[in-house]
Amino acid sequence: MRELFFFIYRFRGLMLFLILEMICFWLIVTKNSYQSIAFFHSSNRAIGALYQNKTKVNNYFELSRINEELVKENAALRAALKVSEASDYYWTHEFSADEARLKQFSFTPVRVVNNSISEYHNYITIDKGSLDGIKPNEGVIGPYGVIGKVKSVSPHYATVISLLNNKFLVSAKAYPSNVLCSVNWSGEDFQFADLNYVPRHVEMHVGDTVRTSGYDGIFPAGTMIGTVEEFELTDQDIFYNIKVRLSTDFSSLSYLYVVENNLEEEQLEVERLTEEKK
């Protein structure tokens, strides 16, 4: 306390000067309309700028949460879109479809925590596992198309066999020819894959789209894989040699969707029964 009184006594002149300055400033602002308007206009502008910067800072730190909310919303929209597509299909073909068929696929948003693109057998690690309902052999897609298939699952994580894995095949169709084929990565450029088993009688064009067939029950039919970049056919070839530019940039994966086929077990069971009766 003694030091405080000593400090005040020592700087009493300066403190008195500052107090008088503040009183004078207050009198000028309150007793003169022009100065009052100018002061409050400047203060409002300064406060506005302060709040604007505060909002920008808050928005920056909220980006992660906002991204996760958008991904969840996209997952719901994807599910709704598949319901709409199925409904349109059965309506167009005058078939009846129960609710299970219309809601065959559901989507779980996940975040990539590890990814490789430089190996022959590339894998992706995602941040959800068995506690979130993730199961082996479920398909994984991204905003622009096919990513891979779930391989191993732990309570909180799962690994995904990337499309950039030369042991992974995707059942596909090339459009507009609608020919059944398969996509497999050659192990070279992460931007391209090979389109296999397209017979020579099919007419192919650069720019033809390649999408999932839906026959494997892993991916919804029509999910984008890529576009035909170039093809070759010699007189001795039975099938085309076709290179596909992948629709997904695997070097910049962030948020993905695990696809659950709610009718997969039923399909596998009926196929197993058919095999047993042969």
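For this chain, numbers begin at 1 and follow the sequence in order. None of these values were measured; they are calculated from a predicted model.
Val244 and Phe192 sit in two unconnected hydrophobic clusters of ILVMFWY residues. Membership requires side-chain heavy atoms under 4.5 Å apart, directly or through other members. No continuous path of ILVMFWY side-chain contacts below 4.5 Å connects Val113 to Val140, so the two sit in separate hydrophobic clusters. One hydrophobic cluster holds both Val202 and Ile242 under the rule that ILVMFWY side chains link at heavy-atom gaps under 4.5 Å. Hydrophobic clustering (side-chain heavy atoms under 4.5 Å, transitive across Ile, Leu, Val, Met, Phe, Trp, Tyr) keeps Val210 apart from Met224. Note on Val153: it clusters hydrophobically with Val112, by side-chain heavy-atom contacts below 4.5 Å among ILVMFWY residues.
Electrostatic pairing of Glu138 and Lys149 does not count as a salt bridge here, judged by no charged N lying under 4.0 Å from a carboxylate O.
Across every non-hydrogen atom of Glu229 and Val206, the tightest pair is O-CG1, 3.6 Å. Considering all non-hydrogen atoms of both residues, Cys181 and Val198 come closest at CB-CG2, 3.8 Å. Between Ala221 and Ser213, the shortest heavy-atom distance links the atoms CB-O, 3.4 Å.
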Q: Let me see the working for Phe219 and Val146 under side-chain contact (heavy atoms from CB on, under 4.5 Å), right down to the final yes or no.
A: CA-CA 8 Å; Phe219 303 102; Val146 170; 3.8 Å; yes

Q. When you look at Phe231 and Lys243, which way does the side-chain contact (heavy atoms from CB on, under 4.5 Å) test go after all the steps?
A. CA-CA 6 Å; Phe231 59 87; Lys243 190 174 292 294; over 6 Å; no

(Q) side-chain contact (heavy atoms from CB on, under 4.5 Å) for Asn165 and His121? Distances and angles first, verdict last. (A) CA-CA 4 Å; Asn165 188 314; His121 306 142; 3.5 Å; yes

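Side-chain atoms of Ser182 and Val170, non-hydrogen and from C-beta on, never get closer than 4.5 Å to each other. Contact of the Pro199 side chain with the Ile238 side chain is not registered, since no non-hydrogen atoms from C-beta on lie closer than 4.5 Å. For the pair Ile147 and Leu253, the minimum side-chain heavy-atom distance is below 4.5 Å. The side-chain heavy atoms of Lys151 and Val160, taken from C-beta on, include no pair separated by under 4.5 Å. At least one side-chain heavy atom of Pro220 sits less than 4.5 Å from a side-chain heavy atom of Val259. Proximity of Leu169 to Val183: side-chain heavy atoms (C-beta onward) are nowhere separated by under 4.5 Å. In this structure, the side chains of Asn261 and Phe105 come closer than 4.5 Å at one or more pairs of heavy atoms.
Asn184 places a side-chain N or O within 3.5 Å of a backbone atom of Asn166 that can act as its donor or acceptor partner. In this structure, Thr212 contributes its side chain and Ala172 its backbone to no donor-acceptor pair below 3.5 Å. With Ser162 contributing its side chain and Tyr123 its backbone, the two residues share no donor-acceptor pair below 3.5 Å. Of the possible donor and acceptor atoms, none in the side chain of Asp132 sits under 3.5 Å from a partner among the backbone N and O of Ile134. Under the 3.5 Å distance criterion, the side-chain polar atoms of Lys128 are matched with a main-chain donor or acceptor of Pro109. With hydrogens and angles disregarded, a donor-acceptor distance shorter than 3.5 Å links the side chain of Asp249 to the backbone of Ser251. The backbone N or O of Thr159 lies less than 3.5 Å from no partner atom in the side chain of Thr125, so there is not a single donor-acceptor pair.
Distance check, rounded to the nearest 0.5 Å: CZ of Phe250 to OG of Ser118 gives 14.0 Å. The CD1 atom of Ile141 sits 11.5 Å away from atom CD1 of Ile225, with the distance rounded to the nearest 0.5 Å. Atom CG of Asn122 and atom CD1 of Ile117 lie 7.5 Å apart (nearest 0.5 Å). Distance check: Ile126 CD1 to Asn115 CG gives 12.0 Å after rounding to the nearest 0.5 Å. The structure places OG1 of Thr227 at 14.5 Å from NE2 of His205, a figure rounded to the nearest 0.5 Å. The structure places CZ of Arg111 at 5.0 Å from CG of Asp127, a figure rounded to the nearest 0.5 Å.
Screening residues 154-190 for ring-ring contact (aromatic ring centres under 6.0 Å, His included), with sequence neighbours left out, gives no hits.
No hydrogens or angles considered: nothing links the side chains of Ser171 and Asp216 as a donor-acceptor pair under 3.5 Å. Defined by atom type and a distance below 3.5 Å, a donor-acceptor pair is present between the side-chain atoms of Tyr215 and Lys173. Donor-acceptor pairing under 3.5 Å is recorded for the side chains of Asp237 and Thr234.
By the salt bridge (charged side-chain N to carboxylate O under 4.0 Å, His left out) test, Arg211 pairs with no residue at all, sequence neighbours left out. Residues forming a ring pair (Phe, Tyr, Trp, His ring centres under 6.0 Å) with Phe239 (at least two apart in sequence, or on another chain): Tyr197.
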